[in-house]
Amino acid sequence: MSLVPPASGPAPAPAPAPAPVDLVGPVVDWFDEHARDLPWRAPDRTPWGVLVSEVMLQQTPVVRVEPAWRAWLGRWPTPADLAAAPTADVLRAWDRLGYPRRALRLQECARVLVERHGGRVPDDEDALLALPGVGAYTAAAVRAFAFGRRAVVLDTNVRRVLARAVDGEALPAPTQTRAEVERARALVPAQDATAARWAAASMELGALVCTARSPRCGQCPLVSSCAWVAAGRPGDVHAHRRRTQAWHGTDRQVRGRVMALLRGSPVPVPRHVLDEAWPATPQRARALAGLLADGLVVEVAAGADEAPAYALPG
DNA sequence: AATGCGGGGGA
DNA sequence: TCCCCAGCATT
């Protein structure tokens, strides 16, 4: 067989682009060996269980989600169960997973499922995206992991794997770009089952091997083709644009303090008790106003000559 | 595109 | 200490 075009006839087609290295095969094979045994991957999982796990995992690490997820599903095994629960119970069960607005939205989501989807989780992309607290990532993840459907699952792990293996960069850009989504889409296998497997496998590789710090390249199924390794593992070109989120003394810390106080109190908390929780008055007022606006805290009517008290809603 | 939004644990 | 973690909603 010769690659030389015939001397006559139509002009030769332009040389085809070099065949892209297969990322899917090695990563899926690696996953078959190294996948963690997580409860939301168990055969008896439900779509609702998968959805709950995905919402909890939005910015909270797996090790902290796992026990919370077990307790949550034991208490509210279906959307109808969560929809009927007092919101204060929901926020207390959320405990310290962080970003308690997620708990509020998860309950709103359960109520929408009951009212508009017969108490079931839909497998339709648009229906999922319309649910409170469900964005592009979560909708895709639920489709892939709960229903085994093809979806573009692009989370922080997959972004990092592709930034390294394909772009040769240490870390992806701080904010996700349209081009990244399109590239990820082009990589997703055509078959539903394979696509769902690739989604789980690429995320797992990022979580266990291709980690943000101290990646374990010696254990990586892509090491021989990785552009970042080939380039000598250069530093992060986006480092100058990453701002570290301040924490101490921020409104967020005050909000967290107030929520912890209210979670721990079976009765409404008078204003003066909150005053002791955080001495800086303008900041405390700002945080409280924000919590009230978010619906995470309600003001409880007090006696005629008493200062107001505060509690979790519902 | 940029911000605000919790909390904890490993490097 | 710093930084990262299966993001979302709002501006």
Side-chain angles (χ1 to χ4, degrees), chain A residues 31 35-36 38-41 49-69 91 94-106 108-109 128-146 151-161 170-181 184 196 199-208 210-216 236 238-239 241-263 286-287 289-291 293-296:
Chain A
F31 185 63
R36 285 171 293 181
L38 299 171
W40 46 86
R41 289 176 178 167
V50 172
L51 175 52
V52 170
S53 79
E54 292 303 337
V55 173
M56 287 184 171
L57 287 163
Q58 292 168 1
Q59 299 289 279
T60 303
V62 167
V63 288
R64 291 175 53 203
V65 165
E66 189 166 345
W69 184 89
L91 289 170
W94 194 258
D95 196 35
R96 291 177 297 188
L97 289 179
Y99 296 139
R101 293 191 293 198
R102 289 184 292 163
L104 233 40
R105 293 189 184 123
L106 186 55
E108 293 167 15
C109 176
L128 285 165
L129 273 174
L131 297 171
V134 175
Y137 163 76
T138 302
V142 169
R143 262 178 69 80
F145 303 148
V152 183
V153 179
L154 189 60
D155 78 325
T156 187
N157 290 302
V158 180
R159 292 187 67 218
R160 187 173 55 250
V161 168
L171 293 170
T175 52
Q176 182 177 295
T177 65
R178 178 84 46 163
E180 254 184 297
V181 178
S202 54
M203 286 175 59
E204 193 82 333
L205 186 68
L208 298 183
C210 194
T211 54
R213 284 174 295 186
S214 310
R216 301 164 174 83
D236 175 21
H238 306 289
R241 292 188 48 215
R242 302 186 197 279
R243 290 176 306 97
T244 82
Q245 291 178 317
W247 170 243
H248 289 285
T250 61
D251 289 4
R252 286 162 69 185
Q253 187 182 20
V254 185
R255 286 170 59 107
R257 184 89 48 114
V258 170
M259 287 299 290
L261 203 55
L262 299 188
R263 279 197 309 267
R286 210 162 52 232
L291 290 170
D294 287 345
L296 287 164

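All values below were derived from every heavy atom in this structure, side-chain atoms included, with hydrogens, water molecules and symmetry-related copies excluded. So that the names make sense, note that chain A is the first sequence line, chain B the second, and so on, each numbered from 1.
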Novice: As a test of reading the structure: which of C:dA6, C:dC8, B:dG7 is closest to the side chain of A:Arg96, going by heavy atoms?
Specialist: B:dG7
Novice: Would you kindly compare A:Arg101 and A:Thr60 by the position of their nearest DNA chain C nucleotide and give the one closer to the 5′ end?
Specialist: A:Thr60
Novice: Return the CE to CG distance between A:Met259 and A:Asp294, rounded to the nearest 0.5 Å.
Specialist: 9.5 Å
Novice: For DNA chain B, what string of dots and brackets results from 5' to 3' when Watson-Crick and G-U pairs need both distances under 3.5 Å, crossing pairs get [ ], and pairs with another strand get |?
Specialist: |||||.|||||
Novice: Looking only at atom P, what distance separates B:dA11 and C:dA6, rounded to whole Å?
Specialist: 14 Å
Novice: Please give the distance between the C1' atoms of B:dG6 and C:dC3 as a whole number of Å.
Specialist: 15 Å
Novice: Do A:Gln58 and A:Tyr99 come within less than 4.5 Å of each other through their side chains, counting heavy atoms only?
Specialist: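 They are not in side-chain contact.
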Novice: On DNA chain B, nearest-nucleotide positions of A:Gln176 versus A:Gly256: which is more 5'?
Specialist: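 It is A:Gln176, whose closest nucleotide lies nearer the 5' terminus.
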Novice: May I ask you to say what A:Arg242 touches in the nucleic acid, namely base, sugar-phosphate or nothing, with a heavy-atom cut-off under 4.0 Å?
Specialist: nothing
Novice: So, do A:Leu51 and A:Leu128 sit near enough that their side-chain heavy atoms are less than 4.5 Å apart?
Specialist: no
Novice: Can you figure out which of C:dA9, B:dG6, C:dA6 approaches the side chain of A:Trp40 most closely?
Specialist: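 Of the candidates, C:dA6 comes closest.
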Novice: Could you check whether A:Ala136 gets within reach of a base, just the sugar-phosphate, or nothing at all, counting any heavy atom under 4.0 Å?
Specialist: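 The residue A:Ala136 makes sugar-phosphate contact but no base contact.
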Novice: Mark yes or no for whether A:Arg263, through its side chain, and A:Leu91, through its backbone, hold a donor-acceptor pair below 3.5 Å.
Specialist: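 Here the side-chain-to-backbone pair does not exist.
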Novice: Which nucleotide in the set C:dC4, B:dG7, C:dG7 lies at the smallest distance from any side-chain heavy atom of A:Arg263?
Specialist: B:dG7
Novice: Kindly say whether A:Val142 contributes a backbone atom to a donor-acceptor pair with the side chain of A:Glu54 at under 3.5 angstrom?
Specialist: no
Novice: Considering every strand and a 4.0 Å limit on heavy-atom distances, what is the contact class for A:Ala212: base, sugar-phosphate, or nothing?
Specialist: sugar-phosphate
Novice: Would you please confirm or rule out a distance under 4.0 Å between OP1 or OP2 of C:dG7 and any side-chain N or O of A:Arg102?
Specialist: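 Result: no.
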Novice: Which value, in whole Å, describes the distance between the C1' atoms of nucleotides B:dC5 and C:dC5?
Specialist: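 Roughly 14 Å separates the two C1' atoms.
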Novice: To the nearest Å, give me how far apart CH2 (A:Trp94) and C1' (B:dG8) are.
Specialist: 15 Å
Novice: Hey, does the side chain of A:Thr250 come within less than 4.0 Å of B:dG4's phosphate (OP1/OP2), counting only N and O?
Specialist: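 The answer is no; no side-chain N or O of A:Thr250 sits under 4.0 Å from OP1 or OP2.
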Novice: Mind checking the CD-CG spacing from A:Glu108 to A:Leu131? Nearest 0.5 Å is all I need.
Specialist: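 Those atoms lie 11.0 Å apart.
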Novice: Go through A:Arg36 and A:Glu66 one step at a time and tell me if the salt bridge (Lys or Arg N to Asp or Glu O under 4.0 Å) criterion holds.
Specialist: CA-CA 12 Å; A:Arg36 285 171 293 181; A:Glu66 189 166 345; over 6 Å; no
Novice: Round to a whole Å and report the spacing from CD of A:Glu204 to P of C:dA6.
Specialist: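 In whole Å, C:dA6 P lies 10 Å from A:Glu204 CD.
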Novice: Does some side-chain heavy atom of A:Trp69 sit less than 4.5 Å from a side-chain heavy atom of A:Val52?
Specialist: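 Yes. Closest side-chain heavy atoms under 4.5 Å.
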Novice: Between A:Gln58 and C:dA6, does any side-chain N or O lie under 4.0 Å from OP1 or OP2?
Specialist: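 The answer is no; no side-chain N or O of A:Gln58 sits under 4.0 Å from OP1 or OP2.
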Novice: Between C:dC8 and B:dG8, how far apart are the P atoms? Round to whole Å, please.
Specialist: 23 Å
Novice: On the nucleotide B:dG9, are OP1 or OP2 found under 4.0 Å from the side-chain N or O atoms that A:Arg64 carries?
Specialist: no
Novice: Considering heavy-atom distances to DNA chain B, does A:Ser214 or A:Arg257 have its closest nucleotide positioned more toward the 5' end?
Specialist: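 Result of the comparison: A:Arg257.
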Novice: Return the value, rounded to whole Å, for the distance between atom CD of A:Glu108 and atom C1' of C:dC8.
Specialist: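 Result: 12 Å.
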Novice: Side chain of A:Pro100 only, please: which of C:dC8, B:dG6, C:dA6 is the nearest?
Specialist: B:dG6
Novice: By nearest atom, which of the nucleotides C:dC8, C:dC5, B:dG8 is closest to the A:Tyr137 side chain?
Specialist: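 Closest of the options to the side chain of A:Tyr137: C:dC8.
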Novice: Would you please confirm or rule out a distance under 4.0 Å between OP1 or OP2 of C:dC5 and any side-chain N or O of A:Arg160?
Specialist: yes
Novice: What is the nucleic acid contact for A:Val158, judged by heavy atoms within less than 4.0 Å: base, sugar-phosphate only, or nothing?
Specialist: nothing
Novice: In terms of side-chain heavy atoms of A:Thr138, which of C:dC5, C:dA6, C:dG7 is nearest?
Specialist: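 Among the listed nucleotides, the one closest to the side chain of A:Thr138 is C:dG7.
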Novice: Please determine whether a side-chain nitrogen or oxygen atom of A:Thr175 lies at a distance below 4.0 Å from atom OP1 or OP2 of B:dA1.
Specialist: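 Looking at the OP1 and OP2 atoms of B:dA1, neither is under 4.0 Å from any side-chain N or O of A:Thr175.
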Novice: Would you mind reading off the distance between A:Trp69 atom CH2 and C:dC5 atom P, rounded to a whole angstrom?
Specialist: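 Taking atom P of C:dC5 as the reference, CH2 of A:Trp69 is at 23 Å.
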Novice: Do the side chains of A:Val258 and A:Arg255 get nearer than 4.5 Å, heavy atoms only?
Specialist: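 When only atoms from C-beta onward are counted, A:Val258 and A:Arg255 do not touch, as no gap falls below 4.5 Å.
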Novice: Of all the choices, C:dC4, B:dG4, C:dA6, which nucleotide is nearest to the side chain of A:Arg213 once you look at every atom?
Specialist: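 Selected nucleotide: C:dC4.
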